[in-house]
Amino acid sequence: MGAFFQSLNRTILAGIVLLLIAMGVAGTYQMFGDMNYWRFFMRWLHVLSGVMWIGLLWYFNFVQTPSMPKIPDEQKPAVSKVIAPTALFWFRWGAMSTLITGALLAWMNGYLLQALSLQKPFTAIGLGAWLGIIMWFNVWFIIWPNQKKALGIVTVTPEEKAAAAKRAGMTSRINTMLSIPMLYCRVAQQNGGF
């Protein structure tokens, strides 16, 4: 059993099998023709993507960054050359998936334009969407390009590398700050909005 869970692919596959079983027990399969089911399914994909994205954002800010000064210099390449690039891959694609599934969900529910223009009663979800869009922009156009320099994926001078690390770190902290009201707004809409 232990060998089974040593494989991430097998673990994910087992999760999908359990999901399919749960869907069967709940009678979900007979709902496939109902648009409400597909709205729910898109919401689930949006939440799943958001957990990946914000989970990694918080990992970077609550675990990796504060831990780096405590790691001996000879061990730091394990983080910067192995762990961080992989985490950043899932981080940026989690951001992309969250943005796409959120836009599709708002479109499927018929309030995409009203939310983006902050019209009532979609003000809360619209504010959350705009905060998410800003955060997505930060990930793809500030954090990732600077992390490539800081991690040595792109060759730059030591001064540029230090400046890029500082810029990426500051933007990541800004995204951490923005994640708090963003998550509140996203949940607020479903529970009455504002």
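Keep in mind it's a predicted model, so treat the numbers as computed, not measured.
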K.L.:
Of all heavy-atom pairs between Ile54 and Ser179, which one has the smallest distance, and what is that distance?
P.N.:
CD1-CB, 4.4 Å
K.L.:
Do the side chains of Val51 and Leu88 join up, straight or via other hydrophobic residues, at under 4.5 Å, putting them in one cluster?
P.N.:
no
K.L.:
Between OG1 of Thr123 and CD of Gln189, what distance do you get to the nearest 0.5 Å?
P.N.:
7.5 Å
K.L.:
Just do the side chain to side chain contact (heavy atoms under 4.5 Å, CB included) check on Phe32 and Met23 with the steps written out, would you?
P.N.:
CA-CA 11 Å; Phe32 280 178; Met23 290 170 66; 3.8 Å; yes
K.L.:
According to a hydrophobic-cluster definition based on side-chain heavy atoms being under 4.5 Å apart (Ile, Leu, Val, Met, Phe, Trp, Tyr only), do Leu19 and Leu8 belong together?
P.N.:
yes
K.L.:
If we ignore angles and hydrogens, is there a donor and acceptor under 3.5 Å between the side chains of Asn61 and Thr176?
P.N.:
yes
K.L.:
Can you confirm whether Trp144 sits close enough to Ile153 that some side-chain heavy atom of one is under 4.5 Å from a side-chain heavy atom of the other?
P.N.:
yes
K.L.:
Decide yes or no on side chain to side chain contact (heavy atoms under 4.5 Å, CB included) for His46 and Arg186, but give the supporting numbers first.
P.N.:
CA-CA 11 Å; His46 182 59; Arg186 305 300 273 174; 2.8 Å; yes
K.L.:
Is it the case that Thr157 and Glu160 place a side-chain donor and acceptor less than 3.5 Å from each other?
P.N.:
yes
K.L.:
Anything under 30° is parallel, anything over 60° is perpendicular, the rest tilted; go ahead and classify Phe41 against Trp44.
P.N.:
tilted
K.L.:
Sub-3.5 Å donor-acceptor pair from the side chain of Arg39 to the main-chain atoms of Met108, do we have one?
P.N.:
yes
K.L.:
Check Leu118 against Leu127 and note the closest heavy-atom contact, atom names and distance.
P.N.:
CD2-N, 3.5 Å
K.L.:
Leu48 and Ile12: same hydrophobic cluster, using ILVMFWY side-chain contacts below 4.5 Å?
P.N.:
yes
K.L.:
What pair of heavy atoms forms the shortest contact from Ala168 to Asn146, and how long is it?
P.N.:
CB-CB, 3.8 Å
K.L.:
For Ala150 and Ala164, which heavy atoms make the closest approach, and how far apart are they?
P.N.:
N-CB, 4.3 Å
K.L.:
Is it possible for you to say whether Phe40 and Val47 belong to one hydrophobic cluster, with membership spreading through side-chain heavy-atom contacts below 4.5 Å?
P.N.:
no
K.L.:
Between Lys161 and Lys149, is any pair of side-chain heavy atoms under 4.5 Å apart?
P.N.:
no
K.L.:
Taking the side chain as everything from C-beta on, heavy atoms only, tell me whether Trp53 gets closer than 4.5 Å to Trp136.
P.N.:
yes
K.L.:
Minimum heavy-atom separation for Lys81 and Gly152, please, with both atom names.
P.N.:
NZ-CA, 4.3 Å
K.L.:
Does Lys76 NZ have over 12 foreign heavy atoms under 6.0 Å away?
P.N.:
yes
K.L.:
For Met68, is the CE atom crowded, meaning more than 12 foreign heavy atoms sit under 6.0 Å from it?
P.N.:
yes
K.L.:
Without swapping roles, check the side chain of Trp130 against the backbone of Leu116 for a donor-acceptor pair under 3.5 Å.
P.N.:
yes
K.L.:
Which ILVMFWY residues are connected to Val25, directly or by a chain of links, through side-chain heavy atoms under 4.5 Å apart?
P.N.:
Val17, Ile21
K.L.:
Hey, is the main chain of Gly24 close enough, under 3.5 Å, to the side chain of Thr28 for a donor-acceptor pair?
P.N.:
no
K.L.:
Does a sphere of radius 6.0 Å around CH2 in Trp140 hold more than 12 heavy atoms from other residues, nucleotides or ligands, not counting ones at 6.0 Å or beyond?
P.N.:
yes
K.L.:
Which heavy-atom pair separates Gly110 from Gln114 by the least distance, and what is that distance?
P.N.:
O-OE1, 3.5 Å
K.L.:
Just wondering, do Tyr59 and Gln64 contact through their side chains at under 4.5 Å, heavy atoms?
P.N.:
yes
K.L.:
Just by distance, do the side chain of Thr171 and the backbone of Ile143 share a donor-acceptor pair under 3.5 Å?
P.N.:
no
K.L.:
Any side-chain heavy atom of Arg43 sitting closer than 4.5 Å to one from Asn109?
P.N.:
yes
K.L.:
Looking only at side-chain N and O atoms, does Ser97 offer a donor or acceptor that is under 3.5 Å from a partner on Ser49?
P.N.:
yes
K.L.:
Report the distance from atom CG of Leu183 to atom CG of Leu178, rounding to the nearest 0.5 Å.
P.N.:
10.5 Å
K.L.:
Could you tell me if the side chain of Pro85 sits less than 4.5 Å from the side chain of Leu151, heavy atoms only?
P.N.:
yes
K.L.:
Mind checking the CD1-CG spacing from Ile100 to Leu45? Nearest 0.5 Å is all I need.
P.N.:
11.5 Å
K.L.:
For residues Met135 and Leu57, determine if any side-chain heavy atom of one lies less than 4.5 Å from a side-chain heavy atom of the other.
P.N.:
yes
K.L.:
Enter the distance from Leu104:CG to Met42:CE here, rounded to the nearest 0.5 Å.
P.N.:
4.5 Å
K.L.:
Could you walk me through whether Trp90 and Thr86 pass the side chain to side chain contact (heavy atoms under 4.5 Å, CB included) check?
P.N.:
CA-CA 7 Å; Trp90 290 106; Thr86 301; 4.0 Å; yes
K.L.:
Applying the 4.5 Å side-chain criterion to the ILVMFWY set and letting contacts propagate, would Leu18 and Ile16 be lumped into a single cluster?
P.N.:
no
